[in-house]
Number of protein chains: 2
Amino acid sequence: MADTAPARTAAAADRVRKPQARTAERREAILKAAMDVFGANGYHKGALAEVAEQAGMTHAGVLHHFGSKEGLLVAMLKYRDGNEVAGVPARAQTEGPAFLQHLVDTVEENTHRRGVVQAFAVLSGESVTDGHPAHDYFQDRTSVLRAKIAGVLGEVSGNRDERSLADAASALIAIMDGLQVQWLLEPDAVEMPRIVAATIDRLVADLTAAA
Amino acid sequence: MADTAPARTAAAADRVRKPQARTAERREAILKAAMDVFGANGYHKGALAEVAEQAGMTHAGVLHHFGSKEGLLVAMLKYRDGNEVAGVPARAQTEGPAFLQHLVDTVEENTHRRGVVQAFAVLSGESVTDGHPAHDYFQDRTSVLRAKIAGVLGEVSGNRDERSLADAASALIAIMDGLQVQWLLEPDAVEMPRIVAATIDRLVADLTAAA
DNA sequence: ACACACTTACTTACAAGTCAGTAAGTGTGT
DNA sequence: ACACACTTACTGACTTGTAAGTAAGTGTGT
């Protein structure tokens, strides 16, 4: 009885909010600006006001959409994983050998996406500090990716030794992440795709031989 | 003639400054505190006041010694390279094969020095941003280390192909750096020394075979 | 041996700026 | 009519860096 909100289209218990038409694209603009700003300055030094300015509003407007700076960071990370091309761990669909090629392709693509690479390099570095809002994200991301890579390497090489597989997966992830930092510091000094491809070949050959 | 400053004990042009007795150890205390604070929070989030407190003085006292926050960071980086155990690139003395073992030993030592590892992980991540005060330091450090490792790998393997050598060196540095981040996020998930040792073996074997 | 000149090593207080977050109001689409 | 998408205006917490003052040390001439 007290609940007599007439015929509000089944919306009884839910406080769902209906976004306006352009809301989705505005939020996306903010997320892209966040990639840019956090990528260029890191999370702590990156200012909400700068993100807002790039998205064409004030910093309070950004907070209206994401609640807090931390909320924006988390949303940005998830957005990138879902939508961006380089969402490596997400596409768990890709089958065995093709997945390894996909890794190399992604590295190659990253060569043309300096901003994204920089954002992830800076953020993953920051994330190891105590209580950093992106800590859990990077921890999960790494362990999921490691499991996936270990699985594929096992498939491809026929090797079944869990430890060797996990070590190889860790090494491969480390190579990809580590090279990005070197490349950002000195773009002409390292050719990421070639080195990653060579590393994968070495790893697979070694695991196959030991199988 | 106009220069007739009587007999002021020869001290005409020199304005030499002599530090007091305990100064050296006070500065060292500040540098250690800086490692701690910048390691735990990063450079941008790490506050001078916290460094000062850990060193037993006020933030103005710290500035007296190092001029600016940036000056403190640079001093800290140089101090660590000079004095700490892990000064990999500094000891260019170590000969060929022993150097590779030295790398593995250093990684093993780092396992017991979480603070130092964290400081370098956070700082090297931050350093790729535009105009970061540690940018040049990490750039130089990486390129010196790469040249050194490439040289040693050439020695050990007999391989003389510059590009293969440089690629292998880049890969090795990437592995070491990348593993540190993974280890910091999930200490039990990766055994750094074993993976680094295995990587070196693989690299050397491969280069030797191709020679 | 001792006072004088000067430096070093700080402290307290403050200036000037930046930052995230909040509250309250305005306009617009549905 | 009303919720949503903002803006303007502001607060409070923190920042680095500076200015000015003080106590203690160092060195030199006599």
Side-chain angles (χ1 to χ4, degrees), chain A residues 5-9 11 14-31 33-34 37-38 40-76 126 131-133, chain B residues 5-12 14-31 33-34 37-38 40-76 126 131-133:
Chain A
R8 276 290 163 75
T9 356
D14 53 341
R15 288 258 130 222
V16 196
R17 314 205 159 176
K18 295 181 183 175
Q20 290 181 0
R22 298 188 50 209
T23 293
E25 60 181 273
R26 304 268 46 224
R27 290 171 69 102
E28 205 173 320
I30 296 171
L31 292 170
V37 173
F38 293 156
N41 305 323
Y43 172 71
H44 288 298
K45 204 195 172 190
L48 278 183
E50 201 181 333
V51 174
E53 194 188 17
Q54 271 192 39
M57 68 182 73
T58 64
H59 89 275
V62 171
L63 288 171
H64 164 72
H65 285 290
F66 297 99
S68 69
K69 190 186 185 185
E70 197 172 315
L72 172 61
L73 176 65
V74 173
M76 185 202 87
E126 268 185 333
H132 192 282
Chain B
R8 277 289 161 79
T9 359
D14 55 339
R15 287 261 131 220
V16 196
R17 316 207 160 173
K18 293 181 183 178
Q20 290 181 3
R22 298 187 50 206
T23 293
E25 59 181 274
R26 305 269 43 227
R27 290 171 71 103
E28 206 174 319
I30 296 171
L31 292 171
V37 173
F38 292 157
N41 305 324
Y43 172 71
H44 288 300
K45 201 195 174 191
L48 278 183
E50 199 181 335
V51 173
E53 193 187 17
Q54 270 193 39
M57 69 182 72
T58 63
H59 88 276
V62 171
L63 288 172
H64 164 71
H65 285 290
F66 297 99
S68 68
K69 190 186 183 185
E70 196 172 316
L72 172 61
L73 176 66
V74 172
M76 187 202 85
E126 269 186 333
H132 193 283

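In the text below, chain A, chain B and the rest are named by the order of the sequence lines, each starting its count at 1.
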>> Quick one, B:Ile30 with B:Met57, criterion side-chain contact (heavy atoms from CB on, under 4.5 Å). Give me CA distance, side-chain angles, the key distance, then yes/no.
In response: CA-CA 9 Å; B:Ile30 296 171; B:Met57 69 182 72; 3.7 Å; yes
> Does the pair A:Phe66 and A:Leu31 meet the rule for a side-chain contact (heavy atoms from CB on, under 4.5 Å), with working shown?
Replying inline: CA-CA 10 Å; A:Phe66 297 99; A:Leu31 292 170; 3.8 Å; yes
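Rounded to an integer number of Å, the gap from CE of B:Met57 to P of C:dT11 is 6 Å. The distance from atom CD of B:Glu50 to atom P of D:dC14 is 12 Å, rounded to the nearest whole Å. The distance between atom CZ of B:Phe66 and atom P of C:dT8, rounded to the nearest whole Å, is 15 Å. B:Glu53 has its CD atom 13 Å from the P atom of C:dT12, to the nearest Å.
Here the side chains of B:His65 and B:Leu72 are not in contact, with every heavy-atom distance at 4.5 Å or above.
Consecutive Watson-Crick or G-U pairing (both distances under 3.5 Å) extending over three or more pairs maps onto DNA chain D as C:1-30 with D:1-30.
Here the CG atom belonging to B:Asn41 is positioned 7.5 Å from the NE2 atom belonging to A:His44, to the nearest 0.5 angstrom.
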> Which letter, B, S or -, goes with each nucleotide of nucleotides 18-25 of chain C from 5' to 3', with contact meaning a protein heavy atom under 4.0 Å?
Replying inline: -SBBB---
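For C:dT8, the OP1/OP2 oxygens have no side-chain nitrogen or oxygen of B:His64 closer than 4.0 Å. In terms of phosphate contacts, A:Arg26 brings no side-chain nitrogen or oxygen within less than 4.0 Å of OP1 or OP2 of D:dA5.
A search for side-chain contact (heavy atoms from CB on, under 4.5 Å) contacts involving B:Gln54 returns B:Ala33, B:Asp36, B:Val37, B:Glu50, not counting sequence neighbours. In this structure, the ring pair (Phe, Tyr, Trp, His ring centres under 6.0 Å) partners of B:Tyr43, at least two apart in sequence or on a different chain, are B:Phe38, B:His132. When the side-chain contact (heavy atoms from CB on, under 4.5 Å) test is applied to B:Leu63, the partners found at least two apart in sequence or on another chain are B:Leu48, B:His59.
Looking at every heavy atom in both residues, B:Glu70 comes nearest to B:Pro133 through CG-CB, 3.2 Å.
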